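Take a look at the structure set out below.
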Amino acid sequence: ATRAISGGGCTPTVQDDVDYFTFSSKGNGVDWGDLDEDRSAMGACSSATRGLFGGGYTPGFSNTLELITIASTGSAQDFGDLETARWDPTAMASPTRAIWAQGAVAPANQKTDLLEYVTISSTGTAKEFGNAMTSKQAAPGCSNSIRGVWGGGYTPSTVGNIDTIDFATLGNSADFGDMSVNRSVGAAFSSSTRGVFAAGWSGANSNILDQINFATRGDAVDYGDLNRSCHRTTGTSNAHGGLG
C-alpha cells in the first residue's frame with residue numbers, strides 16, 4: 001500500500017536491479033537491492049508484505065521464484081521454483097495465493113496454458129492450479145482479493161480474450177469477455193473493484209486504456225487513453241488483490 005517495486009529487465013543485457021517508489025511522493029526510483037538472478041520478462045505480484053518474482057529469461061528459460069519483503073531493502077531470497085520454466089508469464093495475487101499463468105516454454109518458445117500457484121506466506125515449489133482457455137504469453141493480469149483476470153496476449157498471433165480464475169478454488173480458467181482491441185505486451189493494474197488494461201502491441205504501439213469490473217463478466221469498455229503509445233510496459237497500484 002506504500003511502495004511500488006520494479007525488478008529485473010534488460011538494457012539490453014539482462015539485469016538484477018530492484019528499485020522502489022513511494023506512492024505518496026513523486027521522484028526517481030530508489031535502489032532496493034538485487035535479485036539473486038539476472039532476469040527479464042518475469043511475472044511479479046505481491047501480498048501486503050511480500051513481493052514475488054517468478055520465471056523469466058536469463059537468457060534461458062527460468063523457473064526461479066524469488067521473494068522480497070517490500071518494507072525492507074536488501075537482496076531477494078529464494079522462494080522455490082515453478083514446476084515449468086517459462087518467460088512472459090502472467091502473475092496475479094490474492095492476500096494468500098499467487099498465480100503464474102501461461103507464458104513461453106522450451107523448446108522453441110512454445111506457448112503454454114499452465115496455471116501454477118503458491119501460498120505467499122510460505123516457501124516451496126509451485127503446484128498445478130489448472131489450465132487456461134488457450135496457450136499464450138505476454139497477457140497482462142490484475143486482481144482483487146477474490147478473482148484474477150488477464151487479457152490479450154500472443155499465441156503467436158495477437159489476441160484479445162480475457163480469462164478469469166477464483167483464487168480460493170483450483171481448476172481451469174473461465175471466459176470473462178474480450179478486450180476492445182487485440183493486443184499483447186501491455187500493462188494491467190487494479191483497485192479492489194476495477195481492473196485496467198493499458199497500452200500494448202496491436203500491429204503498432206497502443207495508447208488504449210480498457211476497464212473491467214471484477215464483480216461482473218463481460219467485454220472491457222473504454223476508460224480513456226494514455227498520453228503516449230507504447231508496448232512492453234508494466235503497471236502497479238496501491239490497491240490490488242494481494243492487499244485484501
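Keep in mind that this is a model prediction, so the values were computed, not measured.
Interatomic distance, Q102 CD to D113 CG, rounded to the nearest 0.5 Å: 7.0 Å. The CD atom of E66 sits 10.0 Å away from the CD atom of Q77 when rounded to the nearest 0.5 Å. Here the OG1 atom belonging to T134 is positioned 11.5 Å from the NZ atom belonging to K111, to the nearest 0.5 angstrom. Between the CE atom in M133 and the CD1 atom in I162 there is a gap of 9.0 Å [rounded to 0.5 Å]. D19 contributes atom CG, which lies 12.0 Å from atom OG1 of T73 (distance to the nearest 0.5 angstrom). Rounding to the nearest 0.5 Å places OG of S191 at 11.5 Å from CG of L243.
Using a 4.0 Å cut-off between charged side-chain N and carboxylate O, D88 and R232 make a salt bridge.
No side-chain heavy atom of L115 sits less than 4.5 Å from a side-chain heavy atom of N131. Side-chain atoms of F23 and S237, non-hydrogen and from C-beta on, never get closer than 4.5 Å to each other. At least one side-chain heavy atom of I99 sits less than 4.5 Å from a side-chain heavy atom of F167. At a threshold of 4.5 Å between non-hydrogen side-chain atoms, the residues W150 and K136 count as touching. Put simply, the side chain of S135 does not reach to within 4.5 Å of the side chain of Q110, judged on heavy atoms. Taking 4.5 Å as the limit, every side-chain heavy atom of N207 sits out of range of all side-chain heavy atoms of N227. Proximity of D222 to L209: side-chain heavy atoms (C-beta onward) are nowhere separated by under 4.5 Å. No side-chain heavy atom of N144 sits under 4.5 Å from any side-chain heavy atom of T193.
S46 and I70 get closest at one heavy-atom pair: CB-CD1, 3.9 Å. Scanning both residues, G54 and L65, for their nearest heavy atoms gives CA-CD2, 3.5 Å. Contact between T125 and E83 at its shortest, heavy atoms only, is CG2-CG, 4.1 Å. Looking at every heavy atom in both residues, A41 comes nearest to P89 through O-CD, 3.6 Å. A91 approaches G43 most closely through the heavy-atom pair CB-C, 3.5 Å. Of all the heavy atoms in A199 and C230, the pair that sits closest is CB-O, 3.3 Å.
The main-chain N or O of G160 is found under 3.5 Å from a side-chain atom of N182 such that the two form a donor-acceptor pair. Between the side chain of S40 and the backbone N or O of V14 there is no donor-acceptor pair closer than 3.5 Å. Without hydrogens or angle criteria, D210 side chain to S180 main chain gives a donor-acceptor distance under 3.5 Å. Using modelled atom types, no side-chain atom of S62 and backbone atom of Y57 make a donor-acceptor pair closer than 3.5 Å. Side chain of T155 to main chain of S157: a donor-acceptor pair is present (N/O by atom type, distance under 3.5 Å, no hydrogens or angles). The backbone N or O of G60 sits nowhere less than 3.5 Å from a side-chain atom of W87 that would complete a donor-acceptor pair. Listed for the S143 side chain is a donor-acceptor partner under 3.5 Å among the backbone atoms of A93. Panel note: side chain R147, backbone F214; a donor-acceptor pair is recorded below 3.5 Å. Side-chain atoms of R183 never come within 3.5 Å of backbone atoms of G152 as a donor-acceptor pair (strictly under, hydrogens ignored). Counting only distance, with no hydrogens or angles, the side chain of R50 and the backbone of S122 share a donor-acceptor pair below 3.5 Å.
When only modelled atom types and interatomic distance are considered, T13 and Q15 share a side-chain donor-acceptor pair under 3.5 Å. There is no side-chain donor-acceptor pair under 3.5 Å between T22 and S24. Using modelled atom types and a 3.5 Å distance limit, the side chains of N161 and D163 yield a donor-acceptor pair.
In the hydrophobic clustering of ILVMFWY residues, with side-chain heavy atoms under 4.5 Å counting as a link, Y20 and V18 come out together. Both V30 and I5 belong to a single network of hydrophobic side chains, linked directly or stepwise wherever heavy atoms of I, L, V, M, F, W or Y lie under 4.5 Å apart. When hydrophobic clusters are built by joining Ile, Leu, Val, Met, Phe, Trp and Tyr residues whose side-chain heavy atoms come closer than 4.5 Å, directly or via intermediates, F79 is not grouped with W32.
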- [ ] Apply side chain to side chain contact (heavy atoms under 4.5 Å, CB included) to the pair F129 and L170, showing each step before the final yes or no.
- [x] CA-CA 5 Å; F129 187 95; L170 301 179; 3.5 Å; yes
- [ ] Verify side chain to side chain donor-acceptor pair (under 3.5 Å) between S121 and T119, making sure each step is shown before the conclusion.
- [x] CA-CA 6 Å; S121 62; T119 300; over 6 Å; no
Open item on the list: Show, in sequence, the C-alpha distance, side-chain angles and deciding distance for F21 and T236, and conclude whether the side chain to side chain contact (heavy atoms under 4.5 Å, CB included) test is met.
Closed with: CA-CA 11 Å; F21 304 81; T236 188; over 6 Å; no
Open item on the list: I'd like to know whether L52 forms a side chain to side chain contact (heavy atoms under 4.5 Å, CB included) with W100, so could you lay out the CA-CA distance, the side-chain angles of the two residues, the decisive distance to 0.1 Å, and finally the verdict.
Closed with: CA-CA 11 Å; L52 301 180; W100 279 267; 3.9 Å; yes
- [ ] Start with the C-alpha distance between F61 and T84, add both sets of side-chain angles, then the distance that settles side chain to side chain contact (heavy atoms under 4.5 Å, CB included), and finish with yes or no.
- [x] CA-CA 9 Å; F61 297 87; T84 303; over 6 Å; no
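The only member of T64, L67, I68, D36 that meets side chain to side chain contact (heavy atoms under 4.5 Å, CB included) when paired with F53 is I68. Checked against I120 for a side chain to side chain contact (heavy atoms under 4.5 Å, CB included), the options C45, S47, S94 give a single hit: S47.
A cation-pi contact, defined as under 6.0 Å to the ring centre and within 45° of the axis, links R97 to Y117.
Applying the ring pair (Phe, Tyr, Trp, His ring centres under 6.0 Å) definition to pairs two or more places apart or across chains, those involving residues 179-204 are W201-H231.
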